[in-house]
Amino acid sequence: MTETFLSKSYEFAATEEKWLARWRAEHCFAAHMDAGKPAFSIVIPPPNVTGVLHIGHALNNTLQDVLTRYHRMKGDNTLWLPGTDHAGIATQNVVEKQLLAEGKRRNDLGRDAFIERVWQWRREKGGVIIEQLKKIGASCDWERERFTMDEGLSKAVRQVFVTLYKEGLIYKGDYIVNRCPSCQTALSDDEVEYEEGDGSLYHIRYPLADGSGALVVATTRPETMLGDTAVAVHPDDARYQDFIGKEVVLPLTGRTIRVIADKAVELGFGTGALKVTPSHDRNDYEMGKRHNLAFIKIMDGRGLMNENAGVYQGLERFACRERIVADLRDAGFLVSIEDYRHSVGVCYRCHTVIEPETSVQWFVAMKTLAEEAMAAVEDGRVRLHPKSWRQNFFGWMNNIRDWCISRQIWWGHRIPSWDCQDCGERIVEMTDPSRCPQCGSTNIVQEKDVLDTWFSSALWPFSTMGWPEKTSELAMFYPTSVLVTSFDILFFWVARMMMMGLHFMGEPPFKDVYLHALVRDKDGRKMSKSLGNGIDPLDVVAQHGADAMRFTLTALAAQGREIRLDLERIEGYRHFINKIWNAARFAHMHLADCHENIREIADNTEQLSLAQRWILSRAEACAETVRRAYDDFLFNEAAQASYQFIWTEFCDWYLEWIKPDLFSADIGVKDEARGVLLAVLETLLRLTHPIIPFVTEEIWSVLPGARSSLMLSPFPEPRPDWRDLRAEEEMAVVMEVISGLRTIRSEYEIHPSVKLTAVVFCPGQEKQAVLSANGERIAALTRFERLSITASGAKPENAAGFVGADLEIFVPLQGFVDVAAELAKNQKELAKVEEKLAQTRKKLGNENFLKKAQPAAVAKEQGKLAELQGRLALLTEAGNRLKKMAGAA
RNA sequence: GGGCGAAUAGCUCAGCUGGGAGAGCGUCGGCCUUACAAGCCGAAUGUCACAGGUUCGAUCCCUGUUUCGCCCACCA
């Protein structure tokens, strides 16, 4: 036995640092493009360049890394392509905040200087999240890192924009959009979130112009009345038939507006009369179009009342609301105010209440693009996991509205469109124009707006690989294999990538989409700064190690909608990592002086002893499960199977079993154990490396023989020669006896040092042979002095008993035996067996079962019947004996 | 209003295409057995939400109900 130089507990911090440096130095993550090998590729969902790693990123990237490392080990040409997103609004906000601290606004700098300032910020601070990803072991090909504002990606953006424009799929138009007065930009529908809140519903009287009466309308936004151009009622509303077509006087303004009839008005709601503000409400906008109403905008982009608001001009919208309400009250138009709970749309970035308003924006027509994407999901070219998302996907795609892609900010891809100021010609080309091609004027002006950030993200799977050039990367890695992302951006991002990929590459950008859950805290709440319940992945890494965190996230990644993460769970899995470490440390003590070829002993399974054949069989069973789990994105199954195999079977049973062999003077015995030990240990390291790369790599590096990196070593191939069901059955008998003996010792609280003997009655010849062959090891593992195994004989009196399947154990305990307790145990067991037996008999007595059930199921029941009957006989007999003893005492 | 999902041991959750209910943590008892006390051995614990149905057989499939969560739409 060699002196160990591995520390007693796993030191993850030093180990992680060491391997990160080495993997990097040896370019282990670099993608290969070898001819003839299958390709596996993933593009990272690019985190915002302003982002800081949160637990959701940790989950997302751990899962991608598991798949990447698995396929890399399988020998595929494997690419995991990393990068970040320029995150237009978010990044601009960050830099504006910086400026504000200096007392400046972006207009003080001007557009070019401001953009330069953002780039500067990006150079200095924009790499944080990438560095954090590296720390958790993400094996991206970092040399290929991309940024959505890169030169290459920008070129792709322009190509796509120009093409779609020329195809008529991008257009500019005056529509109602969501506007954030704080970010001062339009937002797409998806960028609006709804928050429930307490508000008021104001009832306002609008008198008829002819003085014959009045209508009362209800609104939550009274200030918008300044832009009213109609009052609408339902055409069938009996109350208002006389009003339709008449005019009312708009309070405070004196303007007269029409009363129109429209089915969009809900009969039952409020007063049944609806004020119509076409410029500031989506439904009213539609109604305005239908009835040819006037469109009066009353606010500017900052939420201030404009010149159309008359005396209210210049007021901030909510201040204006108060003034309007006061003035309405004073003038006698305010009928009532009631408390009203409703949800309001807010900006997903800054949570400012958004303002719907008409403005001129750029749009992508979605209908045809959406149809292509739906077809791809329909016919299985793109598979969603879990499948349940299909319905949501189709529902959304069927109701899709055109996508507003212009944003009134500076940071982003500026829309490549120029308008000739002289002739009005619009110029959208691949190169910047210097003059108008129509009239030759040089008085041309570029569009001020930039594109929605998701526009460039939508191109990510091919823009990052060099499109529009025809690159070898595209040929090898497009379409990518799988997209791993959170379901909350299925529509923001995944659907749009599909549309763009299909439209420009002719193929969907990925074959599988794995949508994982959102990580919540242990009580199911969203993690947020305000709740203070966030779990910082880097804290976790510092505290428990990257492997423990990765294993936890993998184990929790069952396909549901949410994952509740409890720090205790991570701690539990840290123990598991440490368990592996110590098992390896133990193995290393015995293997350090071996030649690595000793593992070849495991290639001749028929020569091996029972426990060796058993562990090889179990290892192969585990490998089968893990391989399938990785292939089918069943991450939790891979983790679960590994955990069970390693801790229970490998450590608790196998390592304990082979201890005497490892200390044996017989070199043949010793080497058999060492050879199989090495083979199994190597197998389990390979199996789990994708999940827990650091600890496995470290252990691998100290095993016998010259070794290259584990992450570049092959993943275990199927070993049908290791699978041995007979060995598993035989071992089960041995394990049952061991457990039985341990239970007896434990129940009587007999100290391990007290020597005991046992008699095992086992009528079955084969079982008996197996037990006899392994009697010595059974005794050693249970600290029994002697075990006699026999087919039959006189049952000992004054003994604690254990009844198994077709076997019975007696441990003589003169003077110690608690007959009453033994009897109680016996009766309880008896009742259980009788109940099961009754069930089985009922089944087998059922003609239909015999007739209709699968033959295998019937055979199984029959086997069960025999076993239970045997057990029942033994238990009954033992019970009678105990009763007699109890009576005698 | 439309859709999706969840309900299993005290807690957090597995349970893949129907055929004797599992894990981790926690609890209780014993053990420093020379890899690991972050450990080992053993024990206890479940009308698998409720009601029907299909089936020889349902935690699993179908219908309905209840509770909870999420998404979409609406929100004058």
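Quick note: numbers below take in every heavy atom, side chains included, and nothing from hydrogens, waters or symmetry partners. To find a chain, count down the sequence lines: A is the first, B the second, and so on, and within it residues start at 1.
- The pair A/Glu656-A/Lys659 meets the salt-bridge criterion, since a charged nitrogen lies less than 4.0 angstrom from a carboxylate oxygen.
- If you check B/G19, B/C40, B/A14 against the side chain of A/Asn636, the one that comes closest is B/A14.
- Pairing of B/C13, defined by two Watson-Crick or G-U wobble distances under 3.5 Å, is identified with B/G22.
- Place A/Ala264 and A/Tyr643 on RNA chain B by their nearest nucleotides, and A/Tyr643 ends up nearer the 5' end.
- Atom name C1', nucleotides B/U59 and B/G20: the rounded distance is 14 Å, in whole Å.
- Distance CG (A/Asn178) to C1' (B/C74): 15 Å, rounded to an integer number of Å.
- As rounded to the nearest Å, B/A49 and B/U67 have C1' atoms that lie 8 Å from one another.
- Between A/Phe694 and A/Phe12, the ring center distance fails the sub-6.0 Å criterion.
- Between the C1' atoms of B/G69 and B/U63, the separation comes to 23 Å (whole Å).
- When both pairing distances are held under 3.5 Å, B/C40 makes a Watson-Crick or G-U pair with B/G30.
- No close placement of the A/Trp389 and A/Phe393 rings is indicated, their centers lying 6.0 Å or farther apart.
- One cannot find a donor-acceptor pair under 3.5 Å joining the base of B/C41 and the side-chain atoms of A/Arg745.
- Pairing of B/U59, defined by two Watson-Crick or G-U wobble distances under 3.5 Å, is not identified with any nucleotide.
- Of the C1' atoms belonging to B/A9 and B/G3, the separation is 33 Å, rounded to the nearest Å.
- The gap from the C1' atom of B/A23 to that of B/U17 amounts to 23 Å, rounded to the nearest Å.
- The distance between atom CZ of A/Phe393 and atom P of B/C70, rounded to the nearest whole Å, is 24 Å.
- Taking the C1' atom of each, B/U47 and B/A7 are spaced 15 Å apart, rounded to whole Å.
- Computed from coordinates, the A/Asn392 CG to B/C71 C1' distance equals 6 Å when rounded to whole Å.
- Comparing the same atom, C1', in B/U12 and in B/G46 gives a spacing of 16 Å after rounding to whole Å.
- In this structure, B/G1 forms a base pair with B/C72, meeting either the Watson-Crick or the G-U wobble geometry with both donor-acceptor distances under 3.5 Å.
- With salt bridges taken as basic N to acidic carboxylate O contacts below 4.0 Å, none links A/Glu861 and A/Lys842.
- Looking at heavy-atom distances under 4.0 Å, A/Asp652 makes contact with sugar-phosphate atoms alone, never a base.
- Across all strands shown, B/G46 has no partner, as no Watson-Crick or G-U wobble contact with both distances under 3.5 Å is found.
- Taking 3.5 Å as the limit, the base of B/C36 and the side chain of A/Lys8 contain no donor-acceptor pair of atoms between them.
- Ring to ring, A/Phe816 and A/Tyr748 are not that close: their centroids are 6.0 angstrom or more apart.
- Remark: P of B/C13 and OH of A/Tyr573 are 13 Å apart, rounded to the nearest angstrom.
- Straight-line distance between the P atoms of B/A73 and B/A21: roughly 45 Å, to the nearest whole Å.
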